[in-house]
Amino acid sequence: MMDELRELYQEVILDHGKDPRNFRKVENANCEATGYNPLCGDRLVVTLCVDENGMVQDAAFTGNGCAISMASASMMTEIVRGRTRAEAEDLFQRFHEMCTTDEDIDFTDDEDVERLMVLSGVRQFPVRVKCATLPWHTMEAALRGESEASTER
Amino acid sequence: MEKSTWAALPAKFEAGTPPIAQAIGLGAALEYVSGIGLEGIAAHEIDLLNYATQQLSSIDGLRIIGTAPNKTSVISFTMDGAHPHDISTIIDQSGVCVRAGHHCAQPLMERMGVPATTRASFGMYNTREEADTLVAALGNVREIFN
């Protein structure tokens with residue numbers, strides 16, 4: 001029993017959950033969206049600064065949620081910085097697959113991305129998948145110029 | 001369709017199959033509850049509420065939300081450093097089912113400045129041992145979120 005829970009709540013997740021990185025608003029943000037999961041009450045705001053070449057210069061978030069959503073948002077803001085819009089969206093697709101399918105997604109081609117594997121424990125806890133994906137849905141909405149993302153749409 | 005004819009009351013308002021199974025079920029439930037007695041059920045629930053309140057109060061960093069004198073046998077609480085959704089996932093592994101989050105009471109929660117709580121509800125079918133199981137399971141939460 002504790003094994004599965006330890007798999008879900010790995011040290012990295014607990015660390016990011018307790019002390020989230022980029023927990024702020026990007027000052028010169030030109031993309032912003034609010035993500036909301038009406039079923040659990042999680043709400044977070046993702047702000048991004050994307051330059052004229054489509055490169056994410058800065059990414060940050062604010063909000064309140066469980067350790068999984070805080071950790072996922074924290075790691076996401078670290079990892080998308082320095083990536084293009086298209087790369088960020090592609091990353092979300094792969095991350096989403098990792099959280100929802102049983103197939104092993106190979107992330108080993110990118111060290112930063114490989115770190116996201118620690119969140120794959122949510123597979124064993126289907127009701128927690130949305131905790132991990134909400135920040136990403138919100139970032140995608142922000143990149144597309146939408147102001148809101150909901151898990152129930 | 002050229003015309004309609006109506007049955008006499010109350011049948012004209014009862015189109016389709018009446019809820020026969022539900023009516024029989026309600027009868028069985030009423031018989032069951034009155035066989036035990038409402039007073040006995042209330043006494044059992046109050047005992048569980050008092051017992052669980054006392055046990056939960058011994059956990060460090062646990063705060064019970066709602067302490068009105070005649071409240072019903074539900075206990076909402078928060079724990080320092082652990083979000084209710086994480087708490088519920090962890091204690092679920094010990095077979096303890098609780099509700100977690102805003103409980104569809106967002107305006108009140110916002111007013112009180114409590115984003116989310118964990119809520120255990122006790123009924124006539126629960127036991128003191130199950131309250132102990134809840135307390136022990138919360139120990140796992142502490143172990144993970146130390």
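The structure presented is a predicted model; accordingly, all values stated were derived computationally and were not measured. Proteins come first, then strands; the chains are lettered A, B, ... in the order of their sequence lines, and each starts at number 1.
A:L14 and B:I144 make their closest contact through CD1-O, 3.4 Å (heavy atoms, listed as atom of the first residue, atom of the second, distance).
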* To do: Could you walk me through whether A:Y9 and B:I90 pass side-chain contact (heavy atoms from CB on, under 4.5 Å), step by step?
  => CA-CA 10 Å; A:Y9 292 108; B:I90 292 168; 3.7 Å; yes
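Atom NE2 of B:H102 is separated from atom CG of A:N37 by 7.5 Å, given to the nearest 0.5 angstrom. Note that OG of B:S88 is 6.0 Å distant from CZ of A:R128, once rounded to the nearest 0.5 Å.
Within a 6.0 Å radius of CD in A:E27, other residues, nucleotides and ligands contribute 12 heavy atoms or fewer. Counted within 6.0 Å of CE on A:M2, heavy atoms from surrounding residues, nucleotides or ligands total more than 12; the atom is thus considered enclosed. Within 6.0 Å of atom CD in A:E114, more than 12 heavy atoms from other residues, nucleotides or ligands are found, so the atom counts as buried in its surroundings.
Contact residues of residues 53-71 of chain B toward chain A are absent (heavy-atom distance under 4.5 Å). Contacts of residues 56-84 of chain A with chain B at a heavy-atom distance below 4.5 Å involve A:N64, A:G65, A:C66, A:A67, A:I68, listed in sequence order. Annotation: residues 75-87 of chain B contacts chain A through B:H83, B:H85, B:D86 [non-hydrogen atoms, separation under 4.5 Å].
Only the side chain of A:E4 comes within contact range of chain B, with heavy atoms under 4.5 Å apart. Contacts of A:R43 with chain B are absent, with no heavy-atom separation under 4.5 Å from either backbone or side chain.
Taking a 4.5 Å side-chain heavy-atom cut-off between Ile, Leu, Val, Met, Phe, Trp and Tyr, the cluster of B:L38 extends to B:Y32, B:V33, B:I36, B:I41, B:M124, B:Y125.
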